Amino acid sequence: MIDINVQNLEKSFEVGKKILDGLSFTVNSGEHVGILGPNGCGKTTLFRILCGLERPDEGEASVAPGKRIGLISQIPVFPDGWTTEDVLRDAQRRLYEISARLDELSAQMERDASPALLREYDALSDEFRRRGGWEMDAERSRVASGLDVTPAMRSQPFDTLSGGERTRVNLARLILEDTDILLLDEPTNHLDLHAAEWLEDYIRHFKGTVLSISHDRYFLDVAAQRCIEIVDGRAEFYSGNYSFFVLERQRRFEEKLRQYEKDRAKIEQLQRAADKLHLWAFMGNDKLHKRAFSMEKRIERLSQTEKPTEARKLSVKFRERDFSGDEVIVADGLEKGFAGRVLFSGVSLEVTGGERVALIGDNGAGKTSFLRLLMGEETPDAGYIYRGPAIRTAYLPQIVRFEDESRTMLDAMLWECRVQPQEARDRLAAFGFRGEDVFKRVSALSGGEKSRLRLCMLMGGQINLLVLDEPTNHLDIASREWMEDALSDYEQTLLFVSHDRYFIEKFATRIWTLENGTFTDFRGGWREYGEWRARQAAFSRSAEKSEKKEKRDTRAPRPANAERLIAKTEREIAALEEKLAALAREEEENASDYQKLMALAEEKEALDKALTALYEKWEELNT
């Protein structure tokens, strides 16, 4: 069954410039699809059209009738004074409505046990159970906890939350609404690693349809079964996740390039033959002209094939400074806190030349504070941290600022880097700032563009310690790949904070985890760290089981007649189960007798309690 059908979609925001130009695709029920393409290609516009927030110029985009659709980037306006808990409860309003109606029906049936009321009560009870009504409070807490919606946030007025916090709450709301089709527009942007992994696990087991726009390549690998790339307003299809897409796109490019080169060679061959035929035709054989004209028509068809292009790679590298010492960073007894809260304490670490360290942890754990201590922008409460005397450091903060943002990019490069205009333009071009772009004011740049500009400036200095705070946070996939190209040949010490697991896996040789004020030092990459963490969790579960077993072993020994007691308890359980089965048959026979049903329900409740007690007794006798 098709959930989403897009046919010949066209959309323009400027005259003569189509963002979507004949876009067509279908998504079947239950498919998980990644929507790819550079910034500005129309991905978010497509989502807005699917939700009815935009109208296409031509074509149509339809959603299967009766299917509920949810867009993560669309945050509704809620009544004044609503807390986050009110917003989460509103996602379950249908269950609350059913619960209230069931209470009304119960009160009415005490006076009037009509078949119509009983039928409505049974239908609503079944819907309540099917939708998870009995577990709705636990489910709300589970989803909120998974997405880092803390108890304090749940009691806070929704309109006082930050943009990132609202996005997380909105994502939780969509999940709790049990939406049929999820449209996820950068869902991991405001999530830490813990919450991103929780969301990935949820999407992996989600039976509905999912379309995901994301710059988080690790998320796309997990969340997408196939990919659709928007290229020049049209759809290119890839039958696999992001990693498959990267390899297949390169294969297609190379295949198109080979075909183009083959066509060019054929054109040259045909042109030589046509020229000879025209020459021979002048010698008295007019038929040869026709054959030459036929060849030239074929040349014209072959000439229409455009040479395939791919995104330019960075052509500049970091200027490194040789380092012969051992100590790059040393911390001992380091402690830092704010407003009475200790972020971390007793931190003792050492980094040597050439290491690549990833610092990870939940939002607010103190990662950026650690970097600020290292850079001398903050003072420790206790202990010390220092860099070796021969260390030259370059620092890319999470929020990039410039001395004078009224300058153009070119002027900023000339002023801060003290380079010649041509070198400044060459370096800016290598980072994607070409032509008239270099005259754009720094204040008009996006967060990602500012990060790129600052990195471009950093690459000019001789450095042997590069410190990056969320370097890929505001970058699209192409810009992330540019940054990775720049770093791939950098051989000196690298320390970075990141939630981008693709980036961590590519560069980290050592991982620091900051959790509950404590640093955990793991030597290895992201995959090894994941395997180690899984082993630690398994050891933990094993230790818990051993502890429970020890507790059981310290209890009083089983009585000598334990086997006889077990057999007696099993007979009592069987007898109660038979009585309950008989009650169920009796309920069916008296479905229209409300008074009788009430009496049977009370009897059944008493038997259920007795049966639960017998189960517990049987478990104690067998342990």
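This is a predicted model, so every value here is computed, not measured. Just so it is clear, the values below take in all heavy atoms, side chains as well, and ignore hydrogens, waters and symmetry mates.
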(message) Given 3.5 Å as the limit, does a donor-acceptor pair link the side chain of T84 with the main chain of M153, or not?
(response) yes
(request) Could you list the residues that satisfy ring pair (Phe, Tyr, Trp, His ring centres under 6.0 Å) with Y238, not counting sequence neighbours? (result) F245
(request) Could you name each residue pair satisfying salt bridge (charged side-chain N to carboxylate O under 4.0 Å, His left out) that touches residues 146-164, not counting sequence neighbours? (result) E85-R154
(request) Apply side chain to side chain donor-acceptor pair (under 3.5 Å) to T188 and list each qualifying residue two or more places apart in sequence or on a separate chain. (result) D216
(message) List the residues meeting salt bridge (charged side-chain N to carboxylate O under 4.0 Å, His left out) with D437, not counting sequence neighbours, and say none if there are none.
(response) none
(request) Look at the rings of F507 and F503 and say which category their plane angle falls in: under 30° parallel, 30 to 60° tilted, over 60° perpendicular. (result) tilted
(request) Report yes or no: does D86 contribute a side-chain atom to a donor-acceptor pair with the main-chain N or O of T83 at less than 3.5 Å? (result) yes
(message) Counting only heavy atoms not in E515 (residues, nucleotides, ligands), do more than 12 fall under 6.0 Å from its CD?
(response) no
Pairs under 3.5 angstrom only: tabulate donor-acceptor contacts from the side chains of residues 336-348 to other protein residues two or more places apart or in another chain.
residue, atom, partner, partner atom, Å
K336, NZ, T379, O, 2.8
R341, NH1, G364, O, 3.3
R341, NH2, G364, O, 3.0
S348, OG, D332, OD1, 3.0
S348, OG, G333, N, 3.2

(message) Determine whether a donor-acceptor pair (N or O, by modelled atom type, separation under 3.5 Å) exists between the side chain of E197 and the backbone of H194.
(response) no
(message) Would you say that L494 contacts V357 through its side chain, given a criterion of any heavy-atom pair below 4.5 Å between the two side chains?
(response) no
(request) Keeping the roles fixed (side chain from Q250, backbone from L247), state whether a donor-acceptor pair exists under 3.5 Å. (result) no
(request) State the CG-CD1 distance between L36 and I213, to the nearest 0.5 angstrom. (result) 9.5 Å
(message) Once salt bridge (charged side-chain N to carboxylate O under 4.0 Å, His left out) is applied, what residue pairs with a partner in residues 452-469 remain, sequence neighbours excluded?
(response) E416-R454
(request) Would you check if the side chain of E229 reaches a backbone N or O of G37 as a donor-acceptor pair within less than 3.5 Å? (result) no
(message) Ignoring hydrogens, what is the shortest heavy-atom contact between L88 and A144? Give both atom names and the distance.
(response) CD1-CB, 4.3 Å
(message) Between Y242 and Y502, does the side chain to side chain contact (heavy atoms under 4.5 Å, CB included) criterion hold? Intermediate values first, please.
(response) CA-CA 11 Å; Y242 179 79; Y502 236 81; 3.8 Å; yes
(request) Mind checking side chain to side chain donor-acceptor pair (under 3.5 Å) for Q422 and listing every partner two or more places apart, or none if nothing turns up? (result) D426
(message) Applying salt bridge (charged side-chain N to carboxylate O under 4.0 Å, His left out) to E484 and K506, what does each step give before you reach the verdict?
(response) CA-CA 8 Å; E484 289 164 1; K506 190 162 187 173; 3.6 Å; yes
(request) Check ring pair (Phe, Tyr, Trp, His ring centres under 6.0 Å) between Y395 and all other residues, then give those that pass, not counting sequence neighbours. (result) none
(request) Show your reasoning for whether salt bridge (charged side-chain N to carboxylate O under 4.0 Å, His left out) applies to D500 and R480. (result) CA-CA 10 Å; D500 185 342; R480 292 178 188 214; 3.0 Å; yes
(request) Under the side chain to side chain contact (heavy atoms under 4.5 Å, CB included) rule, what do F47 and L53 come out as? Steps first, then yes or no, please. (result) CA-CA 9 Å; F47 275 18; L53 301 173; over 6 Å; no
(request) Salt-bridge test for E531 and R527: reply yes if a basic N is under 4.0 Å from a carboxylate O, no otherwise. (result) no
(request) Could you give me the CA-CA distance, side-chain angles and deciding distance for T393 and R387, then say whether side-chain hydrogen bond (donor to acceptor under 3.5 Å, both in side chains) is met? (result) CA-CA 9 Å; T393 307; R387 292 168 280 162; 2.9 Å; yes
(request) Say whether T408 and D411, considering side chains only, have a donor N or O and an acceptor N or O under 3.5 Å apart. (result) yes
(request) Carefully, step by step, assess I391 and N464 under the rule side chain to side chain contact (heavy atoms under 4.5 Å, CB included). (result) CA-CA 6 Å; I391 297 302; N464 46 30; 3.6 Å; yes
(message) In the structure I gave you, are the side-chain heavy atoms of F496 and L466 within less than 4.5 Å of one another anywhere?
(response) no
(request) Keeping the roles fixed (side chain from S141, backbone from A138), state whether a donor-acceptor pair exists under 3.5 Å. (result) no
(message) Check for me whether R166 meets the cation-pi criterion with F158, that is, NZ or CZ under 6.0 Å from the six-membered ring centre and within 45 degrees of the ring axis.
(response) yes
(request) Nearest 0.5 Å please: distance from the CZ atom of F206 over to the CG atom of L182. (result) 4.0 Å
(request) Calculate, to the nearest 0.5 Å, the distance between atoms CG and CG belonging to D381 and L334 respectively. (result) 9.0 Å
(message) Please check: side-chain N/O of R425 versus main-chain N/O of G435, any donor-acceptor pairing under 3.5 Å?
(response) yes
(message) Check whether T179 reaches the backbone of L174 with its side chain - one donor and one acceptor, N or O, closer than 3.5 Å.
(response) yes
(request) Would you sort out whether V497 and L468 count as a side chain to side chain contact (heavy atoms under 4.5 Å, CB included), showing the intermediate values? (result) CA-CA 6 Å; V497 170; L468 310 174; over 6 Å; no
(message) Strictly distance-based, threshold 3.5 Å: is any side-chain N or O of Y490 a donor or acceptor partner for the main-chain N or O of T493?
(response) yes
(request) For K450 and V442, work out which heavy atoms get closest and say how close. (result) CE-O, 3.4 Å
(message) Under a 3.5 Å distance rule, please check whether Q225 uses its side chain to pair with a backbone N or O of G240 as donor and acceptor.
(response) no
(message) Tell me which pairs pass salt bridge (charged side-chain N to carboxylate O under 4.0 Å, His left out) where either residue lies in residues 349-362, with sequence neighbours left out.
(response) E355-R510, E355-R523
(message) Rounded to the nearest 0.5 Å, what separates atom CD1 in I385 from atom CG in L373?
(response) 6.5 Å
(request) Locate the shortest heavy-atom distance separating G361 from K367; write the atom from each residue and the value. (result) O-NZ, 3.1 Å
(message) Test of understanding: with salt bridge (charged side-chain N to carboxylate O under 4.0 Å, His left out), list the residues that count as partners of D201, not counting sequence neighbours.
(response) R204
(request) Report the distance from atom CG of L183 to atom CG of L71, rounding to the nearest 0.5 Å. (result) 5.5 Å
(request) State which residues pass side chain to side chain donor-acceptor pair (under 3.5 Å) with T45; sequence neighbours excluded, sorted by chain then number. (result) none
(message) Tell me every residue that passes side chain to side chain donor-acceptor pair (under 3.5 Å) with Y384, counting only those two or more places apart in sequence or in another chain.
(response) none
(request) Compute the centroid of each ring, for F370 and then for F519, and state whether the two points are separated by less than 6.0 Å. (result) yes
(message) Looking at E139 and R142, is any side-chain nitrogen of the basic one under 4.0 Å from a carboxylate oxygen of the acidic one?
(response) yes
(request) Write down the atom of L171, the atom of P187, and the distance for their closest heavy-atom approach. (result) CD2-O, 4.4 Å
(message) For a salt bridge (charged side-chain N to carboxylate O under 4.0 Å, His left out) check, start with the C-alpha distance between E248 and R251, then their side-chain angles and the critical distance, and finish with the verdict.
(response) CA-CA 5 Å; E248 177 63 12; R251 187 196 68 77; 2.7 Å; yes
(request) Could you tell me the separation between the CG atom of L191 and the OG1 atom of T167, rounded to the nearest 0.5 Å? (result) 9.0 Å
